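For the numbers below, each heavy atom of this structure counts, side chains included, while hydrogens, waters and symmetry mates do not. The structure displayed is predicted, hence computed values, not measured ones. Here is how names work: the chains are called A, B, and so on, in the same order as the sequence lines, proteins then strands, and each is numbered from 1.
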Amino acid sequence: MISAGVAGAGVVALLLWRANVAHADADPPPQPMWFDHRHHVGGFRIDCRYCHTDADRARTAGMPDTRTCVPCHESVWLESPYFEPVRRSLATGEPLRWVRAHDLPDHVYFHHGVHVSKGIGCETCHGRVDLMEVPRRVQPLTMEWCLECHRDPVPHLRPLDEVTTMGWSPERPRRELGEALARQYAVRSVTNCTACHW
Amino acid sequence: MSERGQSGALSRRHFLEVLGAGAAGLGACGRVPEDVLPYVDQPPEVTPGEGTWYATSFALDGWATGLLVESREGRPVKVEGNPAHPASLGATGILEQALTFGLYDGARARRPFGPEGSAEPSAFLAALASRASENGGAGFRFLLEPSSSPLVARAMDRVRDALPGARVHFDSPATMRSGPALTPGFAAQYDFGLADIVVSLDADFLAALPINVRHAHDFMAARDLGGAVTTNRLYVVEAGLSVTGASADHRLPVRDAQITAVAAALLREVLGGTAADAGAPVDARLPADTRAWVGGVARDLLANPGRSLVVAGQRQPAEVHAAARILNDALGNTGATTWYTRSALLMADDDEAGLPALATAMEAGEVTTLVMVGVNPLYTAPADLRFGELLARVDTSFCVDLHATETARNCTWFAPALHVFEMWGDARARDGTLSPVQPLIEPLYGGLDTVDVLLAAAGEPPGDRHDRLRTSWLEGGLVAGEDAWLAALRSGLVADSAFPRESAPPPPTASEVLARLDARPAPDEGLEIAFVTDSRVHDGRYATNAWLQELPDPITKLTWDNAALLSPATAADLGVATEDVVRLSFGGRDLELPVLVVPGHAANSVTLRLGGGRTAGGRVAEGRDFDAYRLRTTDAPWFGSGLRLEPTGATHPLAITQDHASMEGRPIVLSATLAAYRADPDFTAARRGPVPSLYEPWPYEGDQWAMAIDLARCTGCSACVIACQAENNVPVVGKDGIRTGREMHWLRIDRYFAGDPENPRVLVQPMLCQHCEKAPCEYVCPVNATVHSPDGLNEMVYSRCVGTRFCSNNCPYKVRRFNWFDYHAESAGTERLLLNPDVTVRGRGVIEKCTFCVQRIRRAGIRASIEGRTIGADEVVPACAQACPTRAITFGSLANAEGALAERLSEPRRYALLHELGTRPRVTYLAEISHPNPDLSGSGS
């Protein structure tokens, strides 16, 4: 009796947990300051890699250091109260403490560089950041979701000069274009365990 | 890292309660929000998530080895050798690999203390300066580690100027001499790569002598078993079985006191008619078979003039070194395989700078202040010096060390030392090459180095550590200018700074040497005591390092302990067995410790490894094993006769990782003599090649990863084991864990004895996951947690593993390890910084094993993919292969016809271990090839 109850509770818990992680659109996490991606990406059309400098070569996309803000904001918004966390970080040497919107489990060794350099656009995983005030997770980031693309990457590929474009739509059918790009970029379907876990 | 008995008992009922409560709460769980902290001002050389490599150097007993250290976001995590550095050539020994553990060791001293208790570093330095300023330094003494550092030499000059009365002494218990030096101020240099015949008179040059990493490389580089099919020949005369002795083609186990007689006999045989006492019979002290052995060695040496080498070990007295030198001169080896340079050590071989001279001064009451940096004489000093009593007579004593050592606890003032990865400094390699020491990290606990202390005593401000090194090099003319300074920091050495060859003072004549050798007292019938340094804890300073404590000794496979090593026959004579506690009495002092019977040990000799029985230094070091220093005296620093041994009736459990030493006639380590190999190169043919299988072939594609291990090159030194541990976050399980068979090393070295137990052949075999193409583990896993990859890896999926251990049961190589506890959960604070961020930290209840360093394979694969190319032939190097001093391990892709792996696999002596099982391992062994002297068949090993 007791074991049946425990098992039942376990199943319920598992369903709740799964519903929680797998739902696509998460609430945006609270961030330490107001940084509007709509404004910077959508408005000024600043390339993602201006701030996330390592996205096409390194494991992490790179979070901008506080100095990254300075070249533009020396002349604008410098006095704004919204800019106070940046001024404080520069003055004290304390980093800004952002909160991850896209958090993978620790046993996943995801490499941004190889995805971006094979023609996977930022938008594919991160969504229309140009339309988000605060970035939030728009994809479930489950292994099942990763594998959908790993099994058949072709329809997700873009030309390398469009990887940071938001709202990109190809002129040719995606599969037809993808097949050409897969050949060009030597894209492989990789689904073995140690492709991502070790 | 504590030793573990039963974990906290969680009853079955309690488990269910916890599970129920957890399940009820699970619905509320989501992902725990995780912060991202970017830099405020990111250094341009840093890419988060990628390593940055810095060249630095590590000095042991004064001699530098060049290193490249990987820093991850400012945190040093992995040590490799510097390929450009002459003492490393890209490889490392076990101590270098374990340096990161020492850096993050939670037992490191953090706070200075003084007579009033806890103190500030500034108070320590102020007290030092104030003591120094009294009386122009009269009565002021320093005791330092041996050093070859020009920076330290410069600071010593400042001390001499400011304090004419002060004196500097150096203490190195691991390199103490037996009597006077043969060539004071000179260092013998060897090129083992040019020697076809090597004779070692108690010289463990493959694992213990300074720059053994380079020596091991050169010695094995003389073997060409793929092309010309030639190899060198090694004769070893020694008491205890060493790594070098285990690699010998002929080994003569004799007591240390008899090595002089063997040296004399060899001298007479080689010099023959030219010796002053020509015609004198070979030393009658030696038994007939030993004389025959020496005669065979002498004929072999005479047949290879200029291409042989006789090396005497540092434990042996000057006469044996003189004999070796005269032999090398007579054989034309001097100038070819051996030569001299100036010694880079400061005050090298100056008896006034030794510890006994200091003790004499302390005894006479001439020492009022003693400043000790990086030394622990209260623990390591010979027992007859009674250093503890002498230290109590010193008014004020200062100690600087990484740990609160035995000495530190008895000093007036103590301050933490800097770890080598926190330091700016310099040192010279054995050949004189100037090597910078640059920091990888800000000092974790403040701390002082030798130069800080010397400058404080000289009344000078410490200055910026970087600036003072740079100034010292530029002003001292050690580098030509700013560009050369920066180039040295980048490359880890100053190019072309090795010392030139010089002629050392001539040796005494052969007749003088023979007279002195003959005058040494003949060994009596009783037991001899012998001391050796331990390849893992060195002189005891690394007893705080859990990686090194848990590393099985290359020969005995003993961990976490030391023991009295005896030969099987002697143990039988004395009626003692392994784990029996005996009382050793020597020179009026006693020590009780357990016996460990070692095949191949000389009869009537007891070997003790120094460095055990620490009573301070933190929980890893303290309260375990036995302190051999308590029996060591200045007149017998390495060996002496008159040892008494009596059983106590007690036993002490030992943690030994391999308790069966015989292959029982099975083909595990294949070996052949060179002659047999030349006659039948395909002698391993039955143990390789295709085998039938009922299983479907794998859909292999792309690179196919594989490894070759050359058993003719492996010495068993175990650098690979520590390298693997550091790279792959392999936990430490403690002595009880080892005793219950729960060691976690992914790579172990199996060691077998064959033949006569009194003088066996020793065979070693690195053993790791064989990455079988038909892997028995994969077929039995009920949850698909171990699977096969398209590039030929046997993958382990921790998050699927439920811990049935079926795979481990079914593995014929016994290389799978089970996490019985959450071993890493106990490491707290700085010890967490030790973990390699590229490798998953395994929790309790899962199996783990060698991955072929898949993180390095994937890193190379991704790099190649981004750059639009294929992975280069020798681009992927696993941690074990990278550390290996002798290049015994090669790694690569079977799909690539180029590179070191393809070359090794073209050799006919390759074979698959347990080939008959049809597992098709991706690890290929290359049979061991010995090169015995046909003249000596039947004698020696």
* Scan side-chain atoms only and decide if A/R57 and B/T47 contain a donor-acceptor pair under the 3.5 Å cut-off. => yes
* Structure fact -> Interatomic distance, CD@B/E73 vs OG1@A/T60, rounded to 0.5 Å, equals 8.0 Å
* **Residues forming a side chain to side chain donor-acceptor pair (under 3.5 Å) with B/E696, sequence neighbours excluded** => none
* Asked: Do B/P38 and A/W98 touch side chain to side chain, with heavy atoms closer than 4.5 Å?
  -> yes
* Structure fact -> Okay, B/V36 and chain A: the region with an atom under 4.5 Å from a heavy atom over there is both
* To do: Pull out the residues in residues 768-779 of chain B that come under 4.5 Å of chain A, heavy atom to heavy atom, sorted by number.
  => none
* Asked: Using non-hydrogen atoms only, which part of B/R859 is less than 4.5 Å away from chain A: side chain, backbone, both, or neither?
  -> neither
* side chain to side chain donor-acceptor pair (under 3.5 Å) against A/R188, all qualifying residues, sequence neighbours excluded -> none
* Structure fact -> Per-residue tally against chain B (heavy atom, under 4.5 Å) across A/E94, A/M63, A/R97 peaks at A/R97
* To do: Determine whether A/H197 and B/S799 make a side-chain contact, defined as any pair of heavy atoms from C-beta on separated by less than 4.5 Å.
  => no
* Asked: Can you find a pair of side-chain heavy atoms, one from A/S117 and one from B/E867, that are under 4.5 Å apart?
  -> no
* To do: Select one option (side chain, backbone, both, neither) describing which atoms of A/P32 are under 4.5 Å from chain B's heavy atoms.
  => neither
* Structure fact -> Cut-off 4.5 Å, heavy atoms of chain B, and the answer for A/A58 is both
* Inspect the surroundings of CG in A/D161 and state if more than 12 heavy atoms from other residues, nucleotides or ligands are less than 6.0 Å away. => yes
* To do: Side chain from CB out, backbone as N, CA, C, O: work out which of these in B/L793 comes under 4.5 Å of a heavy atom of chain A, or both, or neither.
  => side chain
* For atom CZ of B/R869, is the number of surrounding heavy atoms from other residues, nucleotides or ligands below 6.0 Å larger than 12? -> yes
* **salt bridge (charged side-chain N to carboxylate O under 4.0 Å, His left out) partners of A/D65, counting only residues at least two apart** => none
* To do: Kindly say whether A/N192 contributes a backbone atom to a donor-acceptor pair with the side chain of B/S789 at under 3.5 angstrom?
  => no
* More than 12 heavy atoms from other groups under 6.0 Å of CE on A/M132 -> yes
* Residue A/A195 versus chain B: region with a heavy atom under 4.5 Å -> backbone
* Structure fact -> Most heavy-atom pairs under 4.5 Å with chain B, out of A/T53, A/L96, A/V70, belong to A/L96
* Heavy-atom side-chain contact between A/H111 and B/I866 under 4.5 Å -> yes
* Asked: Does B/D838 reach the side chain of A/R59, with side-chain heavy atoms less than 4.5 Å apart?
  -> yes
* Asked: Would a 4.5 Å heavy-atom cut-off, applied to side chains only, mark B/Y798 and A/H107 as touching?
  -> no
* Atom CD of B/E45 with >12 non-hydrogen neighbours under 6.0 angstrom -> yes
* To do: Measure across A/D54 and B/P48 and return the closest heavy-atom pair with its distance rounded to 0.1 Å.
  => OD2-CD, 3.8 Å
* For A/T194 and B/E795, indicate whether the former's side chain and the latter's backbone hold a donor-acceptor pair under 3.5 Å. => no
* To do: Can you tell which part of B/E50 gets under 4.5 Å to a heavy atom of chain A, answering side chain, backbone, both or neither?
  => side chain
* Please check if the side chain of A/Y109 supplies one atom and the backbone of B/T840 the other of a donor-acceptor pair under 3.5 Å. => yes
* To do: Rounded to the nearest 0.5 Å, what's the gap from NE2 on A/H112 to CD1 on B/I862? Could you check?
  => 12.5 Å
